[in-house]
Amino acid sequence: MTGTFYVAGAGISGLTLALALAKFGATVIVLERSATISEFGAGLQVSPNARKILDNLGLAEALTARGLEPAGIDIYPHRAASPLVTMDLGAAMREAFGAPYAVMHRADLADALYKACRRFANIDILFGVRSWDVVSHARGITISIDEANGQTRMGRGQAFIGADGVHSQTRMKLLDGPSAKYGNRVAWRALVPFDSVAGQIALDKVSVLFGHNYHLVCYPLPHRRQVNLALFAAVKQISKDLGNRPRLPRAFPKGPRIEVLLTAAGESWTPWPLYTVSTPKWHAGNIGILGDAAHAMVPFQAQGAAMGIEDAATLAPLLIREASAEAAFEKYEAMRQKRVARVARTSATNGKIFHMRWPFSLARNLGIQLQGSRGHLRRLAWLYGYEVPVTPPADGTLHYPSALR
Ligand SMILES: Cc1cc2nc3c(=O)[nH]c(=O)nc-3n(C[C@H](O)[C@H](O)[C@H](O)COP(=O)(O)OP(=O)(O)OC[C@H]3O[C@@H](n4cnc5c(N)ncnc54)[C@H](O)[C@@H]3O)c2cc1C
């Protein structure tokens with residue numbers, strides 16, 4: 001079923017979907033509310049399951065140029081002077097899962113996707129879109145779009161896919177789905193110069209520092225000569241002004257390393273309340289959702305964007321192959337929902353484990369130590385080793401680009 005597909009949202013999920021659909025020859029019109037590709041956020045970890053898809057879509061070179069393959073993850077329990085264990089990444093990840101585990105700036109990934117999309121004449125990205133309305137019917141969808149210049153454009157297509165993020169209008173308005181739920185945690189993010197934290201953490205690795213009710217994740221972005229800091233802390237009530245400095249539970253002294261890291265970012269922290277989305281309804285008729293719009297999760301396994309990328313790579317061939325978008329969405333739901341739910345559960349459990357208080361934290365530390373530097377490769381093989389199933393079309397009439405096979 002080639003034809004025209006409308007995608008709301010030019011985030012990582014929406015752009016990946018646009019690219020995958022365009023590679024099959026479909027026409028894609030992406031509606032983005034912002035005036036440009038969003039620069040929000042800071043660092044992003046891209047695990048092999050997502051990286052394989054992005055590489056297949058032709059992004060390998062761009063991502064290698066802008067990312068870093070960290071050698072490992074240094075785990076620092078509360079106030080520890082040296083890492084309890086270093087979990088191997090680097091070559092170990094490539095050997096185990098056939099693709100790198102990388103860290104990069106989110107804007108660099110978004111930019112690489114955007115540039116890849118721009119090479120396709122069959123992808124049109126409309127920025128500054130004010131609003132849109134969509135109706136699903138037997139022949140596909142009809143849409144009206146209020147564009148940035150105040151004009152209204154009408155269109156018809158095969159399907160409308162909402163990749164419009166955690167507070168998705170597609171989910172709430174068109175699918176009658178739930179609002180996102182605040183998860184009692186806030187992420188404070190900052191970028192600091194290399195020099196300001198040298199000597200505190202390894203500049204070729206990810207570092208994770210545990211505290212009671214908070215943890216700090218740090219990793220270098222050498223391409224920008226910056227270190228990404230993300231501090232996650234329990235915050236029961238979100239107020240309008242969360243401030244530009246993390247609020248940490250006061251019960252324990254923080255230790256010198258974390259003090260230096262927090263101070264390095266001064267008042268430049270950006271608070272990011274964490275919301276989750278749980279809904280079984282990912283489509284109605286020829287309208288569907290993917291990425292955070294369908295299943296925003298807490299970021300404690302660093303998989304939210306990866307799941308959006310997997311969604312896109314699963315959905316695109318189904319939309320092309322199936323007789324109707326509705327049939328494609330049904331298969332996509334069946335193929336994705338169990339896996340996404342498992343990843344969301346794993347992330348939520350990590351959140352509890354990372355934030356444990358003494359003496360439970362002692363048991364956690366012992367468990368991490370026993371797992372050693374390679375245990376995570378076995379424990380998380382189901383996650384990182386996953387490959388999106390793309391089956392050839394039954395009637396053999398469609399040409400699948402080899403990059404997506
Ligand atoms: C602190 C933190 C750290 C994270 N770390 C990682 C990590 O290391 N690895 C990882 O894989 N994931 C990580 N994540 C999760 C990841 O950032 C998200 O899962 C991912 O960005 C979701 O992408 P998306 O395209 O689905 O949604 P979004 O990025 O939210 O994109 C939605 C797009 O839709 C647009 N939009 C919204 N409403 C409309 C509308 N009505 N019409 C048109 N356009 C609209 C928005 O402007 C935006 O461009 C992290 C998240 C947080 C908060």
Side-chain angles (χ1 to χ4, degrees), residues 6-18 29-51 53-54 67 70 101-107 109-110 113-114 125-134 143 145-148 160-174 180 183 185-190 206 215-217 219 228-233 269-277 289-312 340 343-344 347 351 383-384:
Y6 286 85
V7 177
I12 289 164
S13 309
L15 291 178
T16 308
L17 179 66
I29 300 174
V30 182
L31 316 176
E32 171 54 51
R33 187 173 58 179
S34 308
T36 54
I37 290 292
S38 161
E39 282 272 338
F40 89 83
L44 199 70
Q45 307 186 43
V46 181
S47 52
N49 47 317
R51 179 59 183 264
I53 294 166
L54 298 172
Y101 190 106
V103 294
M104 60 193 65
H105 196 290
R106 188 192 167 284
L109 172 56
L113 280 165
Y114 177 58
I125 304 181
L126 309 181
F127 286 105
V129 165
R130 295 177 183 184
S131 65
W132 35 261
D133 202 9
V134 188
I143 184 165
I145 305 161
D146 288 336
E147 294 188 82
F160 178 89
I161 306 105
D164 45 351
V166 61
H167 302 294
S168 164
Q169 294 291 301
T170 314
R171 180 186 72 246
M172 292 186 287
K173 280 200 175 156
L174 301 182
R185 308 257 173 75
V186 171
W188 273 272
R189 301 161 122 181
V206 178
H215 74 285
L216 175 64
V217 179
Y219 46 83
N228 174 71
L229 305 178
L231 187 129
F232 302 89
W269 297 87
T270 307
W272 195 265
L274 299 180
Y275 287 87
T276 58
V277 169
I289 46 177
L290 88 169
D292 272 16
H295 50 64
M297 57 185 69
V298 286
F300 306 137
Q301 190 60 52
Q303 282 293 313
M307 289 302 109
I309 291 166
E310 285 186 6
D311 288 349
V340 167
V343 177
S347 304
L383 177 58
Y384 298 145

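Both counts, for ligands and for their atoms, begin at 1 and track the order of listing.
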Can you tell me if [X] has a non-hydrogen atom under 4.0 Å from ligand 1?
| X | value |
| --- | --- |
| R106 | yes |
| S34 | yes |
| V129 | no |

For ligand 1, does [X] get within less than 4.0 Å through its side chain, its backbone, both, or neither, judged by non-hydrogen atoms?
| X | result |
| --- | --- |
| D164 | both |
| Q303 | backbone |
| Q169 | side chain |
| L274 | side chain |

Considering distance alone, does some N or O of [X] sit under 3.5 Å from an N or O of ligand 1?
| X | result |
| --- | --- |
| A305 | yes |
| G304 | yes |
| I12 | yes |

From [options] - option closest to [atom] by heavy atom:
| atom | options | answer |
| --- | --- | --- |
| atom 23 (O) of ligand 1 | G308, S13, G291, A294 | S13 |
| atom 53 (C) of ligand 1 | F127, F232, F300, W272 | W272 |
| atom 32 (C) of ligand 1 | A163, G9, S47 | A163 |
| atom 7 (C) of ligand 1 | I309, L44, N49, V7 | L44 |
| atom 27 (O) of ligand 1 | A296, G11, A42, G165 | G165 |

Is a side-chain donor-acceptor pair under 3.5 Å present for [Y] with [X]?
| X | Y | value |
| --- | --- | --- |
| H295 | D311 | yes |
| Y219 | Q45 | no |
| S347 | Q303 | no |

- Would a distance-only check, ignoring hydrogens and angles, find a side-chain to backbone donor-acceptor pair under 3.5 Å from N228 to G43?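 Flag set: sc N228 to bb G43 pair under 3.5 Å.
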- Item | Polar side-chain atom of E32 near backbone of A10 as donor-acceptor pair, under 3.5 Å |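 Checking the backbone N and O of A10 against the side chain of E32, a donor-acceptor pair under 3.5 Å is found.
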- Task: Taking the six-membered ring of W272 (Phe, Tyr or Trp), confirm whether the NZ or CZ of R189 is under 6.0 Å from its centre and within 45° of its axis.
- Result: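 Positive - R189 is close enough to the ring of W272 and near enough to its axis.
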- Test side chain to side chain contact (heavy atoms under 4.5 Å, CB included) applied to Y114 and T36, I125, V30, the passing residue: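 Only one option passes, and that is I125.
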Contact atoms of ligand 1, heavy-atom distance to [X] under 4.0 Å:
| X | answer |
| --- | --- |
| A187 | 1 (C) |
| L31 | 43 (C), 44 (N) |
| A302 | 7 (C), 8 (O), 9 (N), 10 (C), 11 (O) |

- Which atom of A296 lies closest to which atom of Y275, heavy atoms considered: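 Smallest heavy-atom distance, with atoms named: CB-O, 3.9 Å.
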- Item | Heavy-atom closest contact (L113 atom, L54 atom, distance) |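 Nearest heavy atoms, L113 then L54: CD2-CD2, 4.2 Å.
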- Query: In Å, rounded to the nearest 0.5 Å, how long is the span from CD1 of I143 to CG of D133?
  - Reply: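 Rounded to the nearest 0.5 Å, the CD1-CG separation comes to 8.5 Å.
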- Message: Aromatic contact between W132 and F160, with the criterion being ring centroids under 6.0 Å apart: yes or no?
- Response: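 Ring centres of F160 and W132 closer than 6.0 Å.
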